[in-house]
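A short worksheet on the structure shown next.
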Amino acid sequence: MADTYCQIYLHLVFAVKHRSRVLLPEWDSALYKYMFGIIDGKQNKAFIVNGCLDHVHILFSHNPSTLISDVVRDVKNNSTNYLNRNIFRSKGFAWQEGYGIFSLSKKEVPRVYRYIQEQKEHHRSFNFREEYVKMMEEEDLLGPKKYTFDWFE
């Protein structure tokens, strides 16, 4: 509809399978640019992609004409193929099943943008598990085990 307005901001988080610390900083720029293209190609708008050796954060505005699960599936599948074609070749890179996705108000976007931008610095102080559990606690979602990743530490 021409008179429809929708404002949906999402913070997506997902991890490398077995939490392997294999996403080296020298690949960040190309990988994150590739992920940007996937998100934007699905008629969404990526604001920032960043992460660490074992996980990625993405902040984007979501187009309601696409399913969130389809966007996440395409980002994970296509980036897996990209990494296996260009970097890992015979080693077989994969993302862990599942993901966390959190909705935001427009006023929260700058704070979350900075949070994602500062991932490498921020993880000098604590690991991904601690970070993710904190995010789940803030959303009152820590209870059900099904909402947490398998931890390989």
Side-chain angles (χ1 to χ4, degrees), residues 7-42 44-63 68-142 145-153:
Q7 176 182 283
I8 304 170
Y9 299 101
L10 299 172
H11 176 190
L12 170 63
V13 185
F14 53 93
V16 175
K17 189 171 185 174
H18 303 300
R19 299 285 325 291
S20 299
R21 299 172 56 82
V22 297
L23 297 176
L24 300 181
E26 57 263 29
W27 306 326
D28 286 359
S29 179
L31 174 61
Y32 299 161
K33 184 177 178 181
Y34 191 80
M35 290 177 160
F36 252 86
I38 296 164
I39 292 167
D40 288 354
K42 298 288 287 180
N44 297 282
K45 171 69 176 123
F47 295 112
I48 187 169
V49 179
N50 198 9
C52 288
L53 295 167
D54 61 356
H55 70 282
V56 171
H57 292 258
I58 301 173
L59 174 62
F60 67 103
S61 63
H62 176 65
N63 178 343
I68 293 169
S69 58
D70 287 350
V71 174
V72 176
R73 179 201 63 217
D74 289 351
V75 168
K76 290 175 77 175
N77 286 345
N78 292 335
S79 62
T80 294
N81 293 336
Y82 170 83
L83 287 166
N84 281 324
R85 248 189 345 266
N86 296 294
I87 296 167
F88 291 96
R89 294 188 174 94
S90 64
K91 294 178 187 164
F93 175 85
W95 297 109
Q96 186 167 330
E97 284 189 40
Y99 55 89
I101 195 153
F102 305 89
S103 60
L104 310 168
S105 68
K106 187 173 184 173
K107 69 181 180 183
E108 293 175 295
V109 168
R111 176 187 59 80
V112 173
Y113 184 98
R114 281 189 306 278
Y115 175 80
I116 294 172
Q117 188 175 40
E118 297 168 356
Q119 276 296 293
K120 287 172 184 54
E121 168 121 355
H122 156 110
H123 280 289
R124 291 184 184 136
S125 303
F126 54 93
N127 66 30
F128 177 57
R129 181 179 188 163
E130 293 166 329
E131 171 189 45
Y132 194 75
V133 167
K134 182 179 180 206
M135 290 170 68
M136 297 298 282
E137 287 173 340
E138 288 172 357
E139 299 296 327
D140 292 326
L141 293 174
L142 196 54
K145 174 84 169 115
K146 68 180 184 177
Y147 295 128
T148 59
F149 292 107
D150 290 330
W151 303 107
F152 297 92
E153 298 174 304

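Note that the coordinates shown come from a computational prediction; the quantities given were computed from them, not determined experimentally. All residue numbers in this chain count up from 1 along the given sequence.
Taking 4.5 Å as the limit, every side-chain heavy atom of Pro110 sits out of range of all side-chain heavy atoms of Phe47. Between Val56 and Trp95, some side-chain heavy-atom pair lies under the 4.5 Å cut-off.
Considering Val71, Val49, Leu10, Val13 as possible partners of Ile58, the one that fulfils the side chain to side chain contact (heavy atoms under 4.5 Å, CB included) test is Val49.
Within the structure, salt bridge (charged side-chain N to carboxylate O under 4.0 Å, His left out) contacts touching residues 70-79 (residues at least two apart or in different chains) are Lys42-Asp74, Asp70-Arg73.
One distance of note links CZ of Phe60 with CD1 of Ile38; it measures 12.0 Å at 0.5 Å rounding. Distance check: Asn63 CG to Lys45 NZ gives 13.5 Å after rounding to the nearest 0.5 Å. We find the OG1-CZ distance between Thr80 and Arg85 to be 10.5 Å, quoted to the nearest 0.5 Å. In this structure, CG in Leu83 is found 11.0 Å from CG in Asn78, a value given to the nearest 0.5 Å. Taking OH from Tyr113 and CG from Leu104, the interatomic distance works out to 14.5 Å, rounded to the nearest 0.5 Å. Atoms CG and OH, from Leu59 and Tyr9 in turn, are 9.0 Å apart once rounded to the nearest 0.5 Å.
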request  = Determine, step by step, whether Asn44 and His62 satisfy the side-chain hydrogen bond (donor to acceptor under 3.5 Å, both in side chains) criterion, reporting the C-alpha distance in whole Å, the side-chain angles of both residues, the deciding distance to 0.1 Å, and the verdict.
outcome  = CA-CA 5 Å; Asn44 297 282; His62 176 65; 3.1 Å; yes
message = Using the rule given for side-chain contact (heavy atoms from CB on, under 4.5 Å), can you reason through Ile48 versus His57, listing the C-alpha separation, both sets of side-chain angles and the distance that settles it, and then say yes or no?
response = CA-CA 8 Å; Ile48 187 169; His57 292 258; over 6 Å; no
task = Start with the C-alpha gap between Leu31 and Ser79, add the side-chain angles, then the distance that decides, and say whether side-chain contact (heavy atoms from CB on, under 4.5 Å) holds.
result = CA-CA 7 Å; Leu31 174 61; Ser79 62; 4.1 Å; yes
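Relative ring orientation between Phe93 and Phe88 is described as parallel, the plane-to-plane angle staying below 30° on a 0-90° scale split at 30° and 60°.
Between Gln119 and Cys52, the shortest heavy-atom distance links the atoms O-SG, 3.6 Å. For the pair Gly98 and Phe14, the tightest heavy-atom approach, listed with the atom from each and the gap, is O-CB, 4.0 Å. Minimum interatomic distance between Pro25 and Leu53 (heavy atoms only, all atoms of both residues): CD-CD2, 4.1 Å.
No donor-acceptor contact under 3.5 angstrom links the side chains of Gln96 and His55, judged on distance only.
At distances below 3.5 Å, not a single donor-acceptor pair connects side-chain atoms of Asp54 with backbone N or O atoms of Val16. Side chain of Lys120 to backbone of Gly51: a donor-acceptor contact under 3.5 angstrom is found.
Every residue two or more places apart in sequence or in another chain that forms a side chain to side chain contact (heavy atoms under 4.5 Å, CB included) with Lys107 is listed here: Ser105. Remark: Tyr82 engages Tyr34 in a ring-ring contact (aromatic ring centres under 6.0 Å, His included) (not counting sequence neighbours).
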